[in-house]
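No hydrogens, no waters, no symmetry mates; every other heavy atom, side chains included, goes into these values.
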Amino acid sequence: MEEPVGRADRPGEGGRPDKRRAILDGALAVFARDGYTRASVDAIAREAAVSTRTIYNQFHDKATLFGEVIQDSARRVAQAQITLLQRYLTKVVDVEADLIEFGRVWATPMPEFRAHFALVRQINAEAGHVPQAALDAWQESGPRRVRAELARLLGRLGERGLLRLDDPERAAVHFAVLTAAEVTARTYHGALPLPEAEIHRLADSGVRAFLHGYAGLAAVRSAGEVCLTRQPLAADEHS
């Protein structure tokens with residue numbers, strides 16, 4: 001029996017790029033809802049309004065499609081995060097105040113990418129059943145790319161003396177974990193709400209913990225300190 005023809009398969013209703021976009025979007029919705037192992041090509045075809053034949057013609061199998069979906073989604077999220085990094089971390093003057101401002105934004109879940117983070121939750125739940133190539137592609141397209149840009153921008157703050165960095169890559173990991181990890185854990189990647197005031201409290205404390213280890217000499221001096229370490233008290237201050 002001939003397969004039904006979806007809207008995107010009808011002549012004159014979208015060329016190949018439109019079909020590919022429809023498949024990627026439909027597959028993201030299905031993988032985010034059902035996970036990798038339970039998602040079916042039939043369900044993806046229905047969501048994308050294309051035939052299963054079209055999916056197999058363009059992506060060959062479910063594993064290949066999943067890899068393409070996670071890369072595509074991760075690239076879009078990464079670009080949005082990199083835009084935030086560049087918007088906030090290229091204009092730092094007061095390192096604590098400006099990093100706190102950025103940290104609050106950084107820690108706040110991104111509702112426009114709800115499906116992506118639902119997919120991340122599914123990956124975390126069944127990582128042992130997801131093709132390793134797809135996991136590697138996801139990390140390269142998204143998290144590692146963002147971390148590299150964060151490290152680059154933190155390194156520039158180090159060059160200005162605002163931060164004291166031996167390893168910008170490690171500092172980037174520390175900043176991300178200290179400012180956003182608890183919010184991510186408590187909201188399950190944005191699935192559950194958390195009051196804005198609580199997000200800000202967690203992000204602010206993370207920034208201050210980060211600066212406790214990484215504040216540079218220029219930042220300390222700008223705050224009215226003479227050096228990074230605490231000075232000995234005068235004799236009359238010990239009483």
Side-chain angles (χ1 to χ4, degrees), residues 73-113 116-117 120-121 123-124 135-136 138-192 194-225 227-230:
S73 186
R75 277 194 293 265
R76 286 186 284 170
V77 174
Q79 189 53 57
Q81 291 176 327
I82 287 170
T83 297
L84 287 178
L85 289 171
Q86 294 172 348
R87 180 182 304 157
Y88 285 91
L89 297 185
T90 57
K91 61 174 188 177
V92 173
V93 177
D94 181 324
V95 69
E96 181 173 346
D98 291 340
L99 285 185
I100 282 176
E101 181 185 14
F102 168 64
R104 291 179 173 189
V105 175
W106 184 249
T108 300
M110 306 172 81
E112 66 270 35
F113 297 112
H116 173 82
F117 292 109
V120 171
R121 290 195 298 274
I123 292 173
N124 289 336
L135 295 176
D136 292 340
W138 162 43
Q139 289 293 312
E140 285 299 322
S141 299
R144 289 174 191 158
R145 181 178 160 212
V146 175
R147 188 167 64 242
E149 181 64 6
L150 176 56
R152 184 184 74 83
L153 293 171
L154 292 178
R156 290 179 62 180
L157 297 181
E159 292 168 2
R160 293 171 54 195
L162 295 173
L163 297 176
R164 182 181 52 183
L165 304 176
D166 295 324
D167 183 348
E169 285 278 346
R170 179 53 46 188
V173 172
H174 288 164
F175 184 89
V177 170
L178 288 167
T179 56
E182 188 172 354
V183 175
T184 298
R186 289 173 60 179
T187 64
Y188 293 88
H189 288 279
L192 300 178
L194 193 65
E196 182 181 72
E198 181 66 0
I199 292 173
H200 290 179
R201 184 186 73 81
L202 295 172
D204 293 359
S205 64
V207 169
R208 292 190 176 104
F210 176 81
L211 291 175
H212 184 76
Y214 286 103
L217 187 58
V220 172
R221 283 175 173 164
S222 70
E225 301 290 338
C227 65
L228 288 168
T229 58
R230 184 178 178 182

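Rounded to the nearest 0.5 angstrom, E149 CD and Q79 CD are separated by 9.5 Å. Of the inter-residue distances, the one linking L157 atom CG with L163 atom CG reads 5.0 Å to the nearest 0.5 angstrom. A distance of 12.0 Å separates CD of E140 from CG of L135, quoted to the nearest 0.5 Å. The OH atom of Y188 lies 12.0 Å from the CG atom of N124; values are rounded to the nearest 0.5 Å.
The heavy-atom pair separating H189 from F117 by the smallest distance is O-CB, 3.4 Å. Residue R76 comes nearest to F113 through the heavy atom pair O-CZ, 3.9 Å, listed as atom of the first residue, atom of the second, then distance. In plain terms, the two heavy atoms of T179 and G206 that are nearest each other are CG2-C, 4.1 Å. Between I199 and L194, the shortest heavy-atom distance links the atoms CD1-O, 3.6 Å. Considering every non-hydrogen atom in both L150 and L89, the closest pair reads CD1-CD1, 3.7 Å. In this structure, A78 and S141 approach most closely via the heavy-atom pair CB-O, 3.7 Å.
More than 12 heavy atoms of other residues, nucleotides or ligands lie within 6.0 Å of CZ in R144, so this atom counts as buried by the packing criterion. More than 12 non-hydrogen atoms from other residues, nucleotides or ligands lie less than 6.0 angstrom from CD of E112.
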Handout entry: E96 vs D94, side chain to side chain contact (heavy atoms under 4.5 Å, CB included): CA-CA, chis, key distance, verdict
Key = CA-CA 6 Å; E96 181 173 346; D94 181 324; 4.0 Å; yes
Exercise for the section: Go through K91 and D98 one step at a time and tell me if the side chain to side chain contact (heavy atoms under 4.5 Å, CB included) criterion holds. Expected result: CA-CA 8 Å; K91 61 174 188 177; D98 291 340; 5.9 Å; no
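The shortest distance between side-chain heavy atoms of R145 and R75 falls below 4.5 Å. A heavy-atom distance below 4.5 Å is not found between the side chains of V207 and L178. In this structure, the side chains of L85 and Q81 stay at 4.5 Å or more apart for every pair of heavy atoms. Taking the side chain as every heavy atom from C-beta outward, V177 and F210 never approach each other to under 4.5 Å. Put simply, the side chain of V105 does not reach to within 4.5 Å of the side chain of R87, judged on heavy atoms. The side-chain heavy atoms of L211 and R208, taken from C-beta on, include no pair separated by under 4.5 Å.
Partners of D204 according to the salt bridge (charged side-chain N to carboxylate O under 4.0 Å, His left out) rule, which considers only residues two or more places apart in sequence or in another chain, are R104. Annotation: ring pair (Phe, Tyr, Trp, His ring centres under 6.0 Å) contacts of F102 (sequence neighbours excluded): Y88, W106, F175.
A salt bridge links R186 with E182: the distance from a Lys NZ or Arg NE/NH1/NH2 to an Asp or Glu carboxylate oxygen falls below 4.0 Å. Look at E159 and R156 and you find no salt bridge, because none of the NZ, NE, NH1 or NH2 atoms lies under 4.0 Å from a carboxylate O.
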